[in-house]
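The block underneath contains the structure these notes are about, expressed in C-alpha cells.
Order of listing sets the numbers, starting from 1, for every ligand and every atom in it. Heads up: numbering here begins at 1 and tracks the sequence.
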Amino acid sequence: MARLTGAEILWDCLVREGVTDLFGYPGGAILPAYDAMLKYPLRHVLVRHEQGATHMADGYARASGRVGVAVATSGPGATNMVTGIATAMMDSSPIVCITGQVGSRLIGSDAFQETDITGITLPITKHNYLVTRADEVASVVREAFLVAKSGRPGPVLIDITKDAQQSSCEFDWDAAAPSSDFIRPTPVAGEASIRQALELIRAARRPLVLAGHGLMLGNATDEFRAFVDKTGVPVAMTLLGIGCLPASHPLNLGMMGMHGEAWVNTAIQEADLLIALGMRFDDRVTGNLKTYAQNARKIHVDIDPAEINKNVPVDVGIVADVRDVLRIWQPALETLDLGDWTGRIDALKGDSAVRDIQKLPDDGHLYAAHVIHDLWRATNGKAIVVTDVGQHQMWEAQYYHHDLPRTLITSGGLGTMGFALPAAIGAKMACPDADVWAVVGDGGFQMTMCEMATIQQERLKVNVAIINNGYLGMVRQWQEFFYERRYAATPLLSPDFVKLAGAYGIESHAITRRQDVTPAVQAARAHGGTVVLDFQVEQEDSVFPMVPAGADLHKMIRRPTPLAETGADA
Ligand SMILES: Cc1cc2nc3c(=O)[nH]c(=O)nc-3n(C[C@H](O)[C@H](O)[C@H](O)COP(=O)(O)OP(=O)(O)OC[C@H]3O[C@@H](n4cnc5c(N)ncnc54)[C@H](O)[C@@H]3O)c2cc1C
Ligand SMILES: Cc1ncc(C[n+]2csc(CCOP(=O)(O)OP(=O)(O)O)c2C)c(N)n1
Ligand SMILES: [Mg+2]
C-alpha cells in the first residue's frame, strides 16, 4: 500500500476510473491538486471560463457515453460551474465536477474565496460531497463515478478542502470500493407490466413510439431498431431522442412537440397507443396536458420511477432499463396489422408546410434552413452537430437528418445559451476523428466565444457555423407572435465575427448567398484547423410549425405562405 497525498489519490482514482481528459481552470484552493496532476497521464484542457469546462465535460459525455470531468477552484471558480451543472442535470448527462475548497478549519469563516458550493448545487446535482480528509478521497471518487453513470445518469460534484488535498494517508483502491449496500440494482421490469404492455401493443391499430434520450443513455439503439423493424410501429422522437433511429428509416417520422413536425403532433393526437421509451413528457413535447393524446392508451418505460405518471398518467408504467425491456419484449413481438395507419400519417405529411423552404426559388435571400440543409448534405449527415439554443437549434433539428446516435448534442431541458462552442470542444476531445460542428446563434456564441482561445491552445479542429440573424431570434419570434412585434431588447449588435476569429488566429469567412454555402462548408472541412463561418441569414424568419406554450398539441401556428409540402428533402 502506498502513502499518497489526497491530491495524488484523487488523480490516481480518476486514472483507474478510465479518465484520460479533463477540463478546468486553476486557483488557490485547487493548487495542490493541479501540482500533483502533472505526475499522471491526464490531458488537461485549460478553459477560458469554468462554465465552459462543465459544458465541455457534458459534450464529452454525450458524444462518448463516458463520464466527463471538470475542475475548478473554490468561490467564483465553483459558482461559474453552476449553469453547466444544471444543464447536465436537466438532460441526465454524467459528469463529475471537482472543486477546491478552503481549508477545513476555515469553513464557515467567510474565508477568502469560500462559498458553500455543495449547498448551492444540492438541487442541481444527482449527488454531491464535501471531502475534508485525505482518507475519504478514494471512496468518494469511486462512489461519485458510480452515481454519475448508473441508473438515470447525472452530474456529481466533489468539493475537496485544501488540507484534504495536501495531507497524506495510505491509499488502498480495493478497500475504497463502494459498499454493496450503496450499489442500487437496476430496477427489474415486473412480469405483469411486461405482459400488459405486450397485450396493448398487440391490440393497437394506431400505435406510435415516442422515442427519447433514454434510448441513447441506455445504449439501446440496436434493440430499438429491432423493435421497430419487427413491429412496424412508426416512431416520433423528442429533441434529445434524435439519432436513436436513422432519420432515413422509413418508420422515422421526425420530431414531436412545440417545433416538431405537424404530422407527428397530429398523429399523436389520433393515436390509440403511445409507447414512450426513455422520454419524460416535457412540456415542450405535450402542450396542454388536458387535451394531450386523449385517444391513446399509454405505456411508459423509464429507469426513474419519479417520471412515471409525473406529467402524463399512463396505463402501464415500467420502471426499468429500456434496453432490458426491449430485449425481454423481442421474442414475443409480432408484425402488427396497422391497416391504413401509415397511409393516414402519409396523408398528414402531405398537407404539412414544415420543409417547404427547400422548395423556395433562390430569390437572393439566405435562410437558416438553407444553411442547415446544405450543411447536412455536405457532411453526408454524419457530423456531430452541437447546437446552441434558439431558432437555429430548432432548424437544425428539422433540417439536419441525423442517421447516427449521439450526433445531435444540444441543451434541451435547461436551454442553455452558450452551450454549443464548449460542448463541441468536449465532443471533439471525446471523438477526435469525428467531423464536429458547432451550430450557434449570434447571441449564444457571444456568451462563450472566449473558448476560441481554448481551441487554438489545444490545436483542435471544431468547425463553427454562426446563424447570424441580427436578433435574439427565438425571443424575437415570441415577440412577433405574442407581443405585437414589440422587439424589446432583441435586436443584437455583434462584432465582426470574421475579424474576431482572425484575432484568435482562426480562419473565418462571411457567407451571404446560398450558392456559397456548400463550397464554404466543404472548404472548412478540408482545412486543417478550426474554421468559423458567419452565415448572415434572413433576419425576421420564424420557426414553423409552433405550438404556443400550453396550447393543444394539434393547434399549431403554421407557416403563413401556402407552399407545396415535401415530406422528403430534395
Ligand atoms: C428552444 C427549445 C425548444 C424546444 N422544443 C422542443 C420540441 O419541439 N420538441 C421536443 O421534443 N423537445 C423540445 N425541446 C427540448 C425539451 O425541452 C426537452 O429537453 C426534451 O423534450 C427532452 O427529451 P427526452 O425526454 O427524450 O430527454 P431527457 O429529458 O434527457 O429525459 C430522458 C428520460 O430517459 C430516462 N432514462 C435515462 N436512461 C434510461 C434508461 N437506460 N432506460 C430507461 N429510461 C432511461 C430518464 O429517466 C428520463 O426520464 C426544446 C428545447 C428548447 C431549448
Ligand atoms: C443563458 C440564457 N439566457 C437567455 C435565454 C433565453 N433565450 C432563449 S433563445 C434566445 C435567443 C437566442 O438568440 P441567438 O443565440 O441569436 O439564436 P437565434 O434564436 O437567433 O437562432 C434567448 C435569449 C436562454 N435560453 N439562455
Ligand atoms: Mg440570433
Side-chain angles (χ1 to χ4, degrees), residues 51 62 83 87 89-94 150-154 186-187 189 210-220 236-242 244 254-261 264-265 276-287 300-308 310-311 318-326 368 387-398 410-420 439-448 466-478 489-492 494 537 539 541-543 545-547 549:
Q51 179 185 349
R62 295 192 206 210
T83 300
T87 304
M89 184 71 176
M90 287 294 274
D91 291 346
S92 297
S93 192
S150 62
R152 179 177 185 167
T186 307
L210 305 183
H213 194 197
L215 286 165
M216 249 96 66
L217 291 168
N219 296 315
M237 297 172 299
T238 65
L239 175 69
L240 297 186
I242 286 176
C244 68
M255 189 170 76
M256 66 184 93
M258 179 176 273
H259 292 295
E261 314 289 8
V264 172
N265 290 341
L277 302 177
M279 56 81 73
R280 61 180 176 84
F281 291 107
D282 182 86
D283 55 68
R284 276 351 189 206
V285 159
T286 60
H300 190 183
V301 181
D302 202 292
I303 203 160
D304 183 351
E307 290 298 340
I308 309 285
K310 185 181 84 177
N311 295 336
I318 302 179
V319 179
D321 181 358
V322 66
R323 186 167 66 171
D324 291 346
V325 173
L326 289 167
T387 83
D388 217 77
V389 170
Q391 290 183 310
H392 64 279
Q393 177 187 30
M394 295 297 108
W395 282 314
E396 200 284 347
Q398 293 180 344
T410 192
S411 166
L414 202 66
T416 305
M417 285 172 69
F419 175 80
V439 171
V440 296
D442 41 342
F445 186 58
Q446 292 188 64
M447 288 199 171
T448 51
I466 306 173
I467 306 299
N468 184 352
N469 54 8
Y471 278 102
L472 297 174
M474 185 54 94
V475 182
R476 186 210 60 73
Q477 174 170 342
W478 283 53
T490 44
L492 185 70
S494 291
V537 299
Q539 293 208 325
D541 192 13
S542 290
V543 183
M546 178 177 191
V547 183

| said: Tell me the protein heavy atom at minimum distance from atom 29 (O) of ligand 1, and give that distance in Å. | reply: R280 NE, 2.5 Å
| message | How far is atom 21 (O) of ligand 2 from the closest protein heavy atom, and which atom is that? | response | H392 ND1, 2.8 Å
| Against heavy atoms of M474, which atoms of ligand 2 measure under 4.0 Å? | 9 (S), 19 (O)
| task | Decide yes or no for S411 and M90: does some side-chain heavy atom of the first lie under 4.5 Å from some side-chain heavy atom of the second? | result | no
| field | Proximity of D282 to ligand 1 by residue part, where a heavy atom lies under 4.0 Å | value | side chain
| Any idea which of G390, G151, G278 brings a heavy atom closest to atom 34 (O) of ligand 1? | G278
| task | Flag L239 as yes when one of its N or O atoms lies below 3.5 Å from any N or O atom of ligand 1, and as no otherwise. | result | yes
| message | Considering non-hydrogen atoms of the protein only, which is the closest contact for atom 4 (C) of ligand 2, and what is the distance? | response | M417 SD, 3.7 Å
| remark: ligand 2 atoms nearer than 4.0 angstrom to some heavy atom of V475 are 7 (N), 10 (C), 22 (C), 23 (C)
| message | Under a 4.0 angstrom heavy-atom cut-off, which atoms of ligand 1 come close to M256? | response | 7 (C), 8 (O), 9 (N), 10 (C), 11 (O)
| remark: Nearest non-hydrogen protein atom to atom 24 (P) of ligand 1, with distance, is T238 OG1, 3.6 Å
| note | Honestly, for V285 the part within reach of ligand 1 (heavy atoms, under 4.0 Å) is side chain
| task | Report yes if the side chains of N311 and D282 come closer than 4.5 Å at any heavy-atom pair, otherwise no. | result | no
| field | Nearest-neighbour protein heavy atom for atom 52 (C) of ligand 1, which is reported as residue plus atom name and distance | value | Q393 OE1, 3.8 Å
| request: Consider every N or O of G412 and every N or O of ligand 1, then say whether any pair is closer than 3.5 Å. | output: yes
| request: Just let me know how A320 lines up against ligand 1, side chain, backbone, both or neither, with a heavy-atom cut-off below 4.0 Å. | output: backbone
| query | Is the distance from the Mg ion (ligand 3) to the nearest N/O/S atom of N469 under 2.8 Å? | reply | yes
| query | atom 27 (O) of ligand 1: which protein heavy atom is closest, and how many Å away? | reply | H213 CB, 3.2 Å
| message | Heavy atoms only, cut-off 4.0 Å: how does R323 contact ligand 1, side chain, backbone, both, or neither? | response | neither
| Identity and separation of the nearest protein heavy atom to atom 22 (C) of ligand 1 | L240 CD1, 4.0 Å
| field | atom 44 (N) of ligand 1 - nearest protein heavy atom and its distance | value | I303 N, 3.2 Å
| note | Contact region, E307 to ligand 1, non-hydrogen atoms below 4.0 Å, reads side chain
| M394 neighbourhood, listing ligand 1 atoms whose heavy-atom distance to it stays under 4.0 Å | 2 (C), 3 (C), 4 (C), 5 (N)
| field | ligand 1-proximal atoms of D302, by part, heavy-atom distance under 4.0 Å | value | both
| request: Would you mind running through ligand 1 and noting each atom that sits below 4.0 Å from a heavy atom of G413? | output: 19 (O)
| Verdict with supporting geometry, I466 and H392, side-chain contact (heavy atoms from CB on, under 4.5 Å) | CA-CA 9 Å; I466 306 173; H392 64 279; over 6 Å; no
| Numbering the atoms of ligand 1 from 1, which are under 4.0 Å from a heavy atom of G212? | 26 (O)
| said: Just to check, does G418 reach to within less than 4.0 Å of ligand 2 when the distance is taken from its heavy atoms? | reply: no
| Given the rule in the side-chain contact (heavy atoms from CB on, under 4.5 Å) test, do H259 and V547 qualify, once you have shown the distances and angles that lead to the verdict? | CA-CA 7 Å; H259 292 295; V547 183; over 6 Å; no
| Nitrogen or oxygen atoms of T416 and ligand 2 under 3.5 Å apart | no
| field | atom 41 (N) of ligand 1 - nearest protein heavy atom and its distance | value | D321 OD1, 3.0 Å
| Shortest protein heavy-atom distance from atom 16 (O) of ligand 2, along with the residue and atom involved | D442 OD1, 2.7 Å
| said: As an exercise, identify every atom of ligand 2 less than 4.0 angstrom from a heavy atom of Q391. | reply: 18 (P), 19 (O), 21 (O)
| message | Show me which atoms of ligand 2 lie under 4.0 Å from any heavy atom of G473. | response | 13 (O), 18 (P), 19 (O), 20 (O)
| Closest protein heavy atom to atom 6 (C) of ligand 1, given as residue, atom name and distance to 0.1 Å | R284 CB, 3.8 Å
| Which ligand 2 atoms, with their elements, are less than 4.0 angstrom from a heavy-atom of Y471? | 16 (O), 20 (O)
| field | Which of the ligand 2 atoms, numbered from 1, are nearer than 4.0 Å to a heavy atom of G443 | value | 14 (P), 15 (O), 16 (O)
| Which protein non-hydrogen atom lies closest to atom 15 (O) of ligand 2, naming both residue and atom, and how far is it? | G444 N, 2.7 Å
| query | Hey, is the Mg ion (ligand 3) within less than 2.8 Å of some N/O/S atom on Y471? | reply | yes
| Is ligand 2 less than 4.0 angstrom away from at least one heavy atom of I467? | no
| query | Tell me, which N, O or S atom in D442 is closest to the Mg ion (ligand 3)? | reply | OD1
